Q: 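Pasting in a structure now, in structure tokens, and then I'll have a few things to ask.
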Amino acid sequence: MASALELARQLREAFPEQIAAPTEFRGEVTLVVLDPEKVPDVCRHAKETLGFDMLLDLSSVDNYGDDPRWLVVYELLGLAHGQHLRLKTAVSEEKSGLPTVSAIWRTADWHEREVFDMMGIRFSGHPDLRRILMWDGYPYHPLRKDFPLAGKETSLPEVAFTRQAPLEGGPFVTVASTAESIAREPRARNPQE
Amino acid sequence: METTALTPSTRLQTEFGYNSKIEGEVVHTQLDSALNWFRKNSLWPMPMGLACCAIELMAAGASRFDISRFGSEVMRFSPRQSDVMIVAGTVTYKMALAVRRIYEQMAEPKWVIAMGACASTGGMYRSYAVLQGVDNIVPVDVYVAGCPPRPEALLDALIKLQEKVGREPITKTLKRDVAPLKYGRLGLEISATSIEETRKNKA
């Protein structure tokens, strides 16, 4: 039975121009797809030829300040061979979009809606790209790094409103030490400390 | 007329006689106290269970803690039939206006218990998504500390609310709030039409 690394190599052989060499860290194999537009092709091949029939998770990372800003992560699992494979692809901020994989794994439908809601990355070809956690009409994408933790004030009459949360000097930083909890977990800490 | 010994049965038939049966069961009181006594011992809750506090609310309703000892076992899932809304859990902004609408659908008189840290203040969720205390949108009568509070704490809140209901001078006002009431740190208006106003409109 093929290992995850072996399957990753097979996937790379099918798309030699599109996939960087697989990396292994603590037994988990990661492939980087260079062109996000090719993600559905790679995923379809991984599912239909290599047996990765389950999408465990689809998530995104905001590398704020870097270019490209977004990193979209796919966690693949083959139920028959039990191997796990991670695909990553970088998406630029000006594009902030890539093709959907919801036609390949139906579970990607809601995962992509969540990524769209929280990060603002659009998935072209998605059958129903609406917000899934916040309400329709909420103007921000709250998991972006440039969105304040306290939130922003919004108002959508008859639907919902938001206010800034009082952080009272937070967010609070816990310092690992043997000191008493009042020193380890202060109610508020100055940023320069 | 021959005098005979008055037996209890003949006493009942005399118009001037002292009727111990009736007199013994009459309690003199004030209308306020009587009405409040009726009210406070059958506060029907509207279980607004939004998070883990609702599990403790269910425990309070179950046999071990038995909220029916205090007359509040009739959990009504219709706001039209409830007296006290128990907000048990985290109120998100997405849910906030729905909570307020349900509160407004409840018939007067009505009360609110904010159960747990989240309903009282937002709790640990200093966040873009969570309302920082349900008292921003509805008037709260009793706050319960805890994350989540034990069922005893909720029962204590219910007893405190009963004491509060028992003190209300209802015959003087015949209404709970003088309408419309500016309420909450957000200054959201909560309309409470008084009985007097309703009467005026009808006349």
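Remember, predicted model here, so these are calculated numbers, not experimental data. Naming convention: chains lettered A, B, ... in sequence-line order (proteins, then strands); numbering from 1 in each chain.
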Q: Residue by residue, scan residues 23-47 of chain A and write down, ordered by number, those that have a heavy-atom distance under 4.5 Å to chain B; if none do, write 'none'.
A: none
Q: What residues form a side chain to side chain contact (heavy atoms under 4.5 Å, CB included) with B/V142, not counting sequence neighbours?
A: B/I113, B/A157, B/L161
Q: Could you tabulate the donor-acceptor pairs under 3.5 Å formed by side-chain atoms of residues 82-92 of chain B, not counting sequence neighbours?
A:
residue : atom : partner : partner atom : Å
B/S82   : OG   : B/S78   : O            : 2.7
B/D83   : OD2  : B/W44   : N            : 3.0
B/T92   : OG1  : B/M95   : N            : 3.3

Q: Quick one: do the A/D57 and A/Y74 side chains pair a donor with an acceptor below 3.5 Å?
A: no
Q: Could A/E13 and A/R9 be called an ion pair, given the rule that one side-chain N must be under 4.0 Å from one carboxylate O?
A: no
Q: What orientation do A/F147 and A/Y140 show, parallel under 30°, tilted 30 to 60°, or perpendicular over 60°?
A: tilted
Q: Which residues pass the side chain to side chain donor-acceptor pair (under 3.5 Å) test with A/R106, not counting sequence neighbours?
A: none
Q: Pick from B/S127, B/G122, B/A129: which one has the most heavy-atom pairs with chain A under 4.5 Å?
A: B/S127
